[in-house]
Amino acid sequence: TKSNVITFSKQDKSNVGPELPDAKMKLTLTNPAIVGENLENVTTAGGRDVTKNAMLTEITWTTAEENLKLTGLPDGDYTLEETRAPEGYDIITNFDFVVQNGIVTRRSVDDVKVNAEGDFITALDETLKTISISKQDMSNLGPELPDAKMKLTLTKPAKEGATLEK
């Protein structure tokens, strides 16, 4: 069994340092370097709770006040996915990487929301963009006008496929 220790961290992109709790994360071994190898012997430091799927190809966890250290990750290709972002944050895109002899090599070179250096991976969440809309009488600014019906339409999204769902 290898003693590779890879650390996974979840932080606010605008406040790097403290861990960002309550994100649901999933790590998938997509292509082991040795056929048949899996995540059965992977352990965590500090007794952190993680769940392994029946095929032993996925580990899921909820981020906490401390980062997660996984020991014994076999060499191979992986995908890190955030399945639920903390409230008020946008979900990161999937991040593909390779572990070789305990060192992480980035495969998703266009992803600026994840830093990967050596044996440390940091996923950076951005806060959701919010706007406030107010309906007031022009002659008496301050109190909101009740029962106003408004419609918000996204006419020219800056990013292809963007919607107002969130």
Side-chain angles (χ1 to χ4, degrees), residues 1-129 154 157-166:
T1 302
K2 295 179 181 82
S3 61
N4 298 345
V5 178
I6 308 291
T7 302
F8 294 87
S9 179
K10 182 73 173 159
Q11 300 179 15
D12 182 327
K13 190 172 185 174
S14 63
N15 183 26
V16 175
E19 291 295 311
L20 188 59
D22 298 324
K24 297 276 189 195
M25 306 298 290
K26 179 169 71 172
L27 178 67
T28 305
L29 175 60
T30 57
N31 186 24
I34 299 173
V35 175
E37 213 164 20
N38 59 36
L39 304 175
E40 181 177 13
N41 296 318
V42 174
T43 59
T44 63
R48 287 283 302 278
D49 283 337
V50 298
T51 304
K52 297 176 185 174
N53 69 345
M55 300 288 294
L56 300 172
T57 56
E58 296 176 356
I59 294 176
T60 56
W61 70 94
T62 302
T63 60
E65 302 295 329
E66 293 182 4
N67 56 35
L68 177 71
K69 293 182 187 315
L70 294 178
T71 301
L73 283 176
D75 288 353
D77 298 343
Y78 290 84
T79 298
L80 178 64
E81 177 184 359
E82 182 175 27
T83 59
R84 188 190 79 210
E87 187 169 335
Y89 288 87
D90 197 10
I91 206 160
I92 65 166
T93 55
N94 290 359
F95 175 67
D96 298 319
F97 63 96
V98 176
V99 171
Q100 185 173 11
N101 298 319
I103 302 297
V104 174
T105 305
R106 171 186 295 270
R107 289 189 62 215
S108 304
V109 294
D110 59 340
D111 190 348
V112 296
K113 292 185 178 181
V114 179
N115 290 336
E117 294 181 22
D119 60 356
F120 206 95
I121 295 175
T122 305
L124 301 167
D125 272 9
E126 293 182 286
T127 54
L128 292 173
K129 308 297 185 245
L154 180 62
K159 190 183 210 180
E160 186 177 332
T163 67
L164 295 174
E165 286 184 22
K166 284 190 176 181

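One-based numbering along the sequence shown.
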With sequence neighbours excluded, residues passing side chain to side chain contact (heavy atoms under 4.5 Å, CB included) with Ser9:
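Scan of Ser9 (side chain to side chain contact (heavy atoms under 4.5 Å, CB included), adjacent residues dropped) gives Gln11, Glu19, Asn67, Phe120, Thr122.
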Partner set under side chain to side chain contact (heavy atoms under 4.5 Å, CB included) for Leu56, not counting sequence neighbours
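Partners of Leu56 by the side chain to side chain contact (heavy atoms under 4.5 Å, CB included) criterion, ordered by chain and then number, come out as Asn38, Glu40, Lys52.
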Is Lys10 salt-bridged to Glu82, going by a charged N under 4.0 Å from an acidic O?
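Here Lys10 pairs with Glu82 in a salt bridge, since their nearest N and O are under 4.0 Å apart.
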Kindly state each residue pair satisfying ring-ring contact (aromatic ring centres under 6.0 Å, His included) with at least one member in residues 29-50, sequence neighbours excluded.
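Checked against ring-ring contact (aromatic ring centres under 6.0 Å, His included) - neighbours excluded - no pair reaches residues 29-50.
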Please list all pairs meeting ring-ring contact (aromatic ring centres under 6.0 Å, His included) that have one or both residues in residues 6-59, counting only residues at least two apart or in different chains.
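Residue pairs with at least one partner in residues 6-59: Phe8-Trp61.
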Output the distance between atom [atom1] ([X]) and atom [atom2] ([Y]), rounded to the nearest 0.5 Å.
| X | Y | atom1 | atom2 | value |
| --- | --- | --- | --- | --- |
| Asn15 | Leu124 | CG | CG | 11.0 Å |
| Asn41 | Leu73 | CG | CG | 11.0 Å |
| Lys26 | Asn94 | NZ | CG | 8.0 Å |
| Ile6 | Ile103 | CD1 | CD1 | 7.0 Å |

Does any non-hydrogen side-chain atom of [Y] lie less than 4.5 Å from one of [X]?
| X | Y | answer |
| --- | --- | --- |
| Tyr78 | Leu39 | yes |
| Thr60 | Val50 | no |
| Leu68 | Thr44 | yes |
| Arg84 | Asp22 | yes |

Can you name the side-chain hydrogen bond (donor to acceptor under 3.5 Å, both in side chains) partners of Lys24, sequence neighbours left out?
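With neighbours one apart ignored, the set is Thr62.
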For Ser14, enumerate each residue passing the side-chain hydrogen bond (donor to acceptor under 3.5 Å, both in side chains) test, keeping only those at least two apart in sequence or located in another chain.
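Result, side-chain hydrogen bond (donor to acceptor under 3.5 Å, both in side chains) vs Ser14: Asp12.
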Just by modelled atom types, is the Thr79 backbone N or O under 3.5 Å from a matching donor or acceptor in the Thr30 side chain?
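Absent.
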Give a yes or no on whether the backbone of Asn101 and the side-chain of Asp75 come within a donor-acceptor separation of less than 3.5 Å.
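Present.
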Over all heavy atoms of both residues, which pair between Asp119 and Val5 is shortest? Give the atoms and the distance, please.
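Scanning both residues completely, I find the closest heavy atoms to be CB-O, 3.4 Å.
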